[in-house]
Amino acid sequence: LDESSGAYDSNGGDFVNADGKTPPFWANVRDGKNDTHWGPCLPPKPPSHQAEEESLDWRSIIQWNNQRTSDSAIEYPRHDVAPESPPWGMCKPGFIIIGAGKCGTSSLYHYITGHDRVLPASEKQIHYFKYFPTKSMAWYLGHFPSTQAFLGSGALMTGEASPGYLPYPDVVALAQKRLPGPKIILAAREPLDRAWSSYRYNYVAPALEWAMKGKLREKSIPKGMTEDYYRENHLFSFEEMLKAELKVLRECFKPGGKGEMKAKERFGKMSWAIDEFQRREEEGLPPLIDLDEHCYGSKVKHTLVPRRQWADLIEANPDKIINLPNLHLVQSFIGRSIYALPLEWWYIAFPPEDIYLVCNEDMRDNTADMLNRLTSWLGLPEFGFSDVVSQGMYNVGGHRGYDKATPWEEVDPDAVDAGDIEAQDDIQKEDEHDLLEEREENIPISDEFRQELLDFVRPYNERLFELTGQRCSWL
């Protein structure tokens, strides 16, 4: 390209950052190769008289699109297209945040897309590979900026954040098959802290809402009472829920347990996973486990006991609330805090260098350093995130919406300057550890069970750190 292209550095500086990293899908441009793609984007559909294989005048395309950079010019087509149709005029995501839920994925997504060379999708959570796999890739790519908007703005990347991707091996297989090449990002949080957040968000909040509106299946529970009334009389405690789940997980994780055997039965002969199953068996390594799909079982009774793990709880407490939406999240407060087991499946399908762990506490306490490291790894140029981060954190303090920022002083009243990333850089690791311990101590469970739970998850934390080559401040 020459200087007249406008949107990109004619010397190729956009395609290799200061640390020598190239953004996903831009290697062909970096190397000066003619290609049917410009970075992650396909050209607009060619005229009928032009054969698809003809070389494309990308300079003209960029010059034309560089004039279409106003907000009104950004298009997010949402139409469906037949699966065999090429996704003309669409761009592939350069990164996918796969989880975990309640680990800061909303904040992380907004911080990344705050970079001036990154464009957001039409929505943060698309969940294509989990909930919409029968739709075409054109439907999926239609959630991202069009080629016109992408190239016209000089963007280098777009992406999405769907926390529902992490737990499921079938999602891994589908993503590898249909979209090789993006960077995979996992956000992880101290397991007990994450479980407590999920309990409040996915159990307590909807239970109170449904009870007060009279929407519960447990018809013996009166509607229109106060929150304190329901908390005292009709909600299972955090410890009760975790003890019931922990019993199920111990059984599922034991050698020859359902998590191991069902995973082998379903995926052990699939081409993308068979070598890893054999390697682990030959080297005596821990087996792959399909935790979310096979550890929790199914319904015992259609209305009263939605999951087997709660049968004893409900028998002893028939007037307590359990039938709620999103039971797959309510059943797995601990399970979805064990990050290593589902992440191991992603390491089978994607290169290790393309997977990155973000520690949740770094988003709060070391934001600038975290974002600089992440930006470098993504292949993006340096960027000052101060204005972006100063907005606060997203989707915290109750479900206010994935796009709703909560100011830092509301996130943590004792840290009014939490949005000051220069000040955050001064926080030391031992201080982070103290803050985590303080938050853990405020979680309402007995000391004995707290220790039992932490002992249970500790080996899986170590597997996570060994797998990723990165270590968070929690053990």
Side-chain angles (χ1 to χ4, degrees), residues 99-106 125 163-164 166-167 189-223 225-249 291-292 295-338 360 395-402 439-440 442-446 449-450 453 456-457:
K102 305 314 300 172
C103 290
T105 59
S106 295
Q125 299 187 177
L166 174 63
R189 182 176 183 174
E190 193 282 320
L192 182 56
D193 199 32
R194 195 218 75 88
W196 171 238
S197 177
S198 184
Y199 167 78
R200 290 179 295 163
Y201 186 90
N202 292 305
Y203 175 67
V204 174
L208 292 174
E209 179 184 355
W210 278 39
M212 296 177 77
K213 293 181 178 179
K215 297 169 62 177
L216 296 170
R217 291 177 181 171
E218 296 87 350
K219 298 303 181 184
S220 61
I221 300 175
K223 71 174 183 178
M225 307 298 284
T226 66
E227 287 192 5
D228 287 343
Y229 168 82
Y230 292 119
R231 290 177 186 273
E232 292 172 9
N233 297 285
H234 297 294
L235 294 190
F236 286 108
S237 72
F238 184 52
E239 184 162 339
E240 286 175 318
M241 297 289 276
L242 262 58
K243 282 184 174 179
E245 183 186 351
L246 185 57
K247 181 179 178 181
V248 166
L249 293 181
L291 190 166
D292 223 83
C295 284
Y296 295 104
S298 57
K299 295 179 180 179
V300 177
K301 296 179 183 177
H302 181 65
T303 57
L304 296 181
V305 184
R307 294 291 186 272
R308 184 175 296 109
Q309 71 200 62
W310 300 318
D312 292 340
L313 277 180
I314 294 171
E315 182 178 357
N317 305 275
D319 288 333
K320 290 196 174 182
I321 301 168
I322 199 65
N323 258 305
L324 294 167
N326 290 328
L327 284 174
H328 64 295
L329 303 176
V330 178
Q331 71 183 7
S332 54
F333 297 136
I334 302 172
R336 295 207 173 199
S337 305
I338 298 175
N360 172 270
N395 197 28
V396 298
H399 186 15
R400 304 183 182 184
Y402 302 122
R439 286 204 293 270
E440 285 180 14
N442 292 328
I443 296 174
I445 59 175
S446 65
F449 182 66
R450 183 193 311 273
L453 182 61
F456 178 78
V457 300

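The analysis underlying the following values was restricted to heavy atoms, covering all of them including side chains, and did not include hydrogens, waters or symmetry mates.
Taken to the nearest 0.5 Å, the CZ atom of Phe238 stands 6.0 Å off from the CD1 atom of Ile443. A distance of 10.0 Å separates CG in Leu327 from OG in Ser332, rounded to the nearest 0.5 Å. Distance CD/Gln309 to CG/Leu246: 11.0 Å, rounded to 0.5 Å. For the atom pair Leu235 CG and Leu208 CG, the distance stands at 5.5 Å (nearest 0.5 Å). In this structure, CE in Met225 is found 10.0 Å from CE in Met212, a value given to the nearest 0.5 Å. With rounding to the nearest 0.5 Å, the separation of CG in Leu192 from OG in Ser337 is 8.0 Å.
Trp210 places none of its side-chain heavy atoms less than 4.5 Å from the side chain of Ile221. Leu242 is listed as a side-chain neighbour of Ile334, based on a closest heavy-atom distance under 4.5 Å. Using a 4.5 Å heavy-atom cutoff, the side chains of Ile314 and Pro306 are in contact. Side-chain contact check for Ile322 versus Arg307: every heavy-atom pair is 4.5 Å or farther apart. Side-chain atoms of Leu313 and Lys320, non-hydrogen and from C-beta on, never get closer than 4.5 Å to each other.
For Lys215, the NZ atom sits in a packed shell: over 12 heavy atoms of surrounding residues, nucleotides or ligands are nearer than 6.0 Å.
For Lys247, the side-chain contact (heavy atoms from CB on, under 4.5 Å) criterion is met by Asp312, not counting sequence neighbours. Under the rule for a side-chain contact (heavy atoms from CB on, under 4.5 Å), the partners of Leu329 that lie at least two apart in sequence or sit in another chain are Asn202, Asn326, Arg336. Scanning for side-chain contact (heavy atoms from CB on, under 4.5 Å) contacts around Thr226 gives Asp228, Tyr229, with sequence neighbours left out. Remark: Tyr203 pairs with Tyr199 by the ring-ring contact (aromatic ring centres under 6.0 Å, His included) rule, at least two apart or across chains. Residues meeting the disulfide (SG to SG under 2.5 Å) test with Cys103, sequence neighbours left out: none. Checked against side-chain contact (heavy atoms from CB on, under 4.5 Å), Glu239 has the following partners two or more places apart in sequence or in another chain: Ser237, Lys243, Ile445, Ser446, Phe449.
A donor-acceptor contact shorter than 3.5 Å links the side chain of Glu245 to the backbone of Phe333. Not a single donor-acceptor pair under 3.5 Å links the side chain of Tyr201 to the backbone N or O of Lys102. Although no hydrogens or angles enter the test, the distance criterion places no donor-acceptor pair under 3.5 Å between the side chain of Ser198 and the main chain of Arg194.
In terms of heavy-atom proximity, Tyr230 sits nearest to Pro222 at OH-O, 2.6 Å.
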